[in-house]
**Q** 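First, the structure itself, so that you have it in front of you.
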Amino acid sequence: MPRPYQFIYMTDIAVIDYGMGNLRSVSKALEHVAPAVRVVVTSDPHEVIKAGRVVFPGQGAMPDCMREMDARGLRQAVLEAAQTKPFLGICIGMQMLFEHSEEGDVAGLGLFPGRVLRFPHAAMVDDKGNKLKVPHMGWNEVHQAMAHPLWAGIGDGARFYFVHSYYCEPATPDLVAAFTHYPFPFTSAVARDNIFAVQFHPEKSAAAGLALLGNFVLWDGSVSTTESCASSSCM
Amino acid sequence: MPLAKRIIPCLDVTAGRVVKGTNFVDLRDAGDPIEIARRYDEQGADELTFLDITASSDARDIILHVIEAVAAQVFIPLTVGGGVRQVDDVRRLLNAGADKVSMNTAAVQNPQLVADASARYGNQCIVVAIDAKQTSPGKWEVFTHGGRKNTGLDAIEWAKKVESLGAGEILLTSMDRDGTKSGFDLLLTRAVSDAVDVPVIASGGVGNLDHLVAGVKEGHADAVLAASIFHFGEYTVRQAKEYMAKHAIEMRL
């Protein structure tokens with residue numbers, strides 16, 4: 001269900017800062033793809049609510065991220081943004097949208113049904129019997145599972161940079177916007193309405209990542225891939 | 001397996017310039033770090049590593065400006081090491097635009113630093129650099145202070161220890177091979193890589209592209225690091241990646 005967005009918002013991007021690490025990469029990459037857009041790194045809930053679009057990053061451990069987000073009184077602002085404006089979750093910022101994480105047995109925001117699981121030690125072997133390392137670190141292929149404006153100009157199977165030990169397992173397959181193999185297929189992007197969230201780091205993924213961020217800056221928050229296609233049935 | 005092996009050009013930086021030496025001595029000027037970083041990014045480098053080898057602590061802030069400038073122009077992961085002594089050094093480097101911070105001597109002197117930095121910023125951004133030298137067949141020990149001081153620690157045991165403390169990646173340099181262009185110490189690389197679950201970057205000794213292939217295939221490295229073969233124009237990063245791909249190694253091309 002696409003929603004209308006007020007044009008007045010279109011110049012501001014809030015990168016939500018809840019004290020968990022380096023957000024400079026995210027803001028620099030956004031400034032690079034959209035030099036005319038004002039990018040604000042902020043921990044102020046009012047700034048988040050005022051912004052036209054929101055980036056929700058995350059680093060470190062999910063329990064710490066949830067705690068620090070709440071300590072800054074950002075939960076309501078994040079939930080409101082996730083329901084009203086173009087919203088991009090990155091890495092732990094994707095994981096936090098789900099109901100629960102195995103990491104520290106912590107509850108997430110519950111916007112999406114499903115869980116966050118650790119790569120199971122016993123499964124981490126490739127088809128030649130070689131051990132696969134955790135964190136899953138490096139450039140892996142992202143296979144697009146739905147048409148979406150954020151994939152515009154990005155080849156199916158393009159490589160993005162990952163670094164994570166936990167992955168999201170949505171309870172409903174219709175959320176899956178992309179999957180990646182390590183060694184089994186896991187969900188590397190999800191999308192619903194105005195929310196798009198990725199496990200990889202577009203801000204560190206060279207041309208493919210910058211293309212995705214450029215698409216996000218232009219995105220109106222609907223899931224249709226053309227302007228004439230306004231209903232979700234033509235996805 | 002679709003996860004690509006990584007090629008990581010390494011820039012040794014002192015006083016704002018990239019330098020290259022043999023066994024940590026006889027440094028030669030190799031150029032401007034920002035210019036070199038941009039060139040490697042254009043050639044398809046998967047990550048970049050900067051090692052601040054500045055001797056005096058009062059010149060340390062120069063690296064922060066270098067990283068800030070690179071991070072505003074190059075959108076691939078950046079690792080920075082050299083002179084990291086405390087959690088606050090990690091914070092300053094991350095804030096300047098580093099994605100990962102590498103620690104070496106300080107991790108040996110104070111292993112709690114690895115644990116504290118990892119707990120604060122996550123293991124994905126904590127790299128422990130291990131400089132190892134063979135002391136007898138099949139046995140390598142950890143050296144610090146740029147290779148001058150033997151700690152007596154067994155390299156494989158130390159790798160396992162730093163993994164348990166919270167290192168998310170290990171940058172493994174053979175002191176015997178560094179600067180020699182005779183190839184990685186493959187036995188060392190394989191022994192460490194097989195002993196830990198976190199990714200291992202092989203370093204020290206690359207002289208040609210076959211050495212990179214061997215680092216992955218025989219050394220079981222997850223990533224390979226090289227400096228002089230790229231700095232002095234012997235090979236481009238792209239040539240190296242294409243060569244590895246031709247040898248059936250998964251690469252991002």
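So that the names make sense, note that chain A is the first sequence line, chain B the second, and so on, each numbered from 1.
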**Q** Compare every heavy atom of Ala119(B) with every heavy atom of Asp64(A), then report the nearest pair and how far apart it is.
**A**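 Taking Asp64(A) first and Ala119(B) second, the nearest heavy atoms are OD2-O, 3.8 Å.
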
**Q** Which atoms of His164(A) are under 4.5 Å from chain B, going by heavy atoms: the side chain, the backbone, both sets, or neither?
**A**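 Neither; nothing under 4.5 Å.
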
**Q** Using a 6.0 Å cut-off, check whether atom NZ of Lys217(B) has over 12 heavy atoms from anything other than its own residue.
**A**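 More than 12 heavy atoms, drawn from other residues, nucleotides or ligands, come within 6.0 Å of this atom.
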
**Q** Quick one: what part of Val74(B) sits under 4.5 Å from any heavy atom of chain A, side chain, backbone, both or neither?
**A**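 When you check distances to chain A, only backbone atoms of Val74(B) fall under 4.5 Å.
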
**Q** Where does Ser193(B) contact chain A at under 4.5 Å (heavy atoms): side chain, backbone, both or neither?
**A**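 For Ser193(B), backbone and side chain are both near chain A.
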
**Q** Do Asp99(B) and Lys204(A) meet the salt-bridge criterion of a basic N to acidic O distance under 4.0 Å?
**A**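 Answer for the salt bridge query: yes.
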
**Q** Got a salt bridge between Arg159(A) and Glu250(B), using NZ or NE/NH1/NH2 to carboxylate O under 4.0 Å?
**A**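 Yes, Arg159(A) and Glu250(B) are salt-bridged.
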
**Q** Does any backbone or side-chain atom of Asn123(B) lie under 4.5 Å from a heavy atom of chain A? Answer side chain, backbone, both or neither.
**A**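 For Asn123(B), the contact with chain A is made by the side chain alone.
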
**Q** Go through Val200(B), Asp41(B), Val90(B), Val196(B) and name the one with the most non-hydrogen pairs under 4.5 angstrom from chain A.
**A**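 Ranked by contacts with chain A, first place is Val196(B).
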
**Q** Please report the closest heavy-atom contact between Ala206(A) and Arg252(B), naming both atoms and the distance.
**A**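 Heavy atoms only, the tightest pair is CB-NH1, 3.9 Å.
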
**Q** At their closest point, which heavy atom of Gly168(B) faces which heavy atom of Pro135(A), and how far apart are they?
**A**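 Shortest heavy-atom contact: O-CD, 3.7 Å.
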
**Q** What option among Gly44(B), Pro199(B), Gly122(B), Ala223(B) has the most heavy-atom pairs under 4.5 Å with chain A?
**A**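 Of the candidates given, the most pairs with chain A belong to Pro199(B).
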
**Q** Looking only at heavy atoms and a cut-off of under 4.5 Å, which of His220(B), Lys100(B), Arg91(B) has the most pairs with chain A?
**A**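 Sorted descending by pairs with chain A, the first entry is Lys100(B).
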
**Q** Answer yes when Lys133(A) and Asp222(B) have at least one side-chain N-carboxylate O distance shorter than 4.0 Å, and no when they do not.
**A**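 Answer for the salt bridge query: yes.
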
**Q** Take atom CZ of Arg38(B) as the centre, draw a 6.0 Å sphere, and report whether it contains more than 12 heavy atoms from other residues, nucleotides or ligands.
**A**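 For Arg38(B), atom CZ is not crowded (no more than 12 foreign heavy atoms under 6.0 Å).
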
**Q** Report the distance from atom CD of Gln124(B) to atom OG of Ser165(A), rounding to the nearest 0.5 Å.
**A**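 Reported value, rounded in 0.5 Å steps: 8.5 Å.
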
**Q** How long is the span from the CG atom in Leu132(A) to the CG atom in Leu3(B), to the nearest 0.5 Å?
**A**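 Here the rounded value is 8.0 Å.
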
**Q** Pick whichever of Ala207(A), Gly138(A), Ser27(A) has the most heavy-atom pairs under 4.5 Å with chain B.
**A**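 Result: the option with the highest number of such pairs is Gly138(A).
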
**Q** With rounding to the nearest 0.5 Å, note down the distance linking CD1 in Ile76(B) to OG in Ser205(A).
**A**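 Reported to 0.5 Å precision, the distance equals 10.5 Å.
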
**Q** Atom CD of Gln59(A) and atom CZ of Arg120(B): how far apart are they, to the nearest 0.5 Å?
**A**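 Answer for the CD-CZ pair, Gln59(A) versus Arg120(B), is 10.5 Å.
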
**Q** Can you confirm whether more than 12 heavy atoms, excluding those of Arg72(A), are under 6.0 Å from its CZ atom?
**A**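 Buried by this count: over 12 neighbours within 6.0 Å.
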
**Q** Among Arg6(B), Lys5(B), Met251(B), find the residue that satisfies the side-chain contact (heavy atoms from CB on, under 4.5 Å) test when tested with Trp139(A).
**A**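 Among Arg6(B), Lys5(B), Met251(B), the one meeting side-chain contact (heavy atoms from CB on, under 4.5 Å) with Trp139(A) is Arg6(B).
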
**Q** If I measure from the heavy atoms of chain B, does His201(A) come under 4.5 Å with its side chain, its backbone, both, or neither?
**A**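 The answer is neither part of His201(A).
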
**Q** Might you point out which heavy atoms bring Ala29(A) and Phe75(B) nearest each other, and give the distance in Å?
**A**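 For Ala29(A) versus Phe75(B), the nearest heavy atoms are CA-CE2, 3.4 Å.
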
**Q** Going from CG on Asp197(B) to NZ on Lys131(A), what distance comes out if it is rounded to the nearest 0.5 angstrom?
**A**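 Interatomic distance, Asp197(B) CG to Lys131(A) NZ, rounded to 0.5 Å: 4.5 Å.
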
**Q** Please examine the side chains of Arg24(A) and Glu68(B), heavy atoms only from C-beta on, and report whether any two atoms are closer than 4.5 Å.
**A**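 In contact.
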
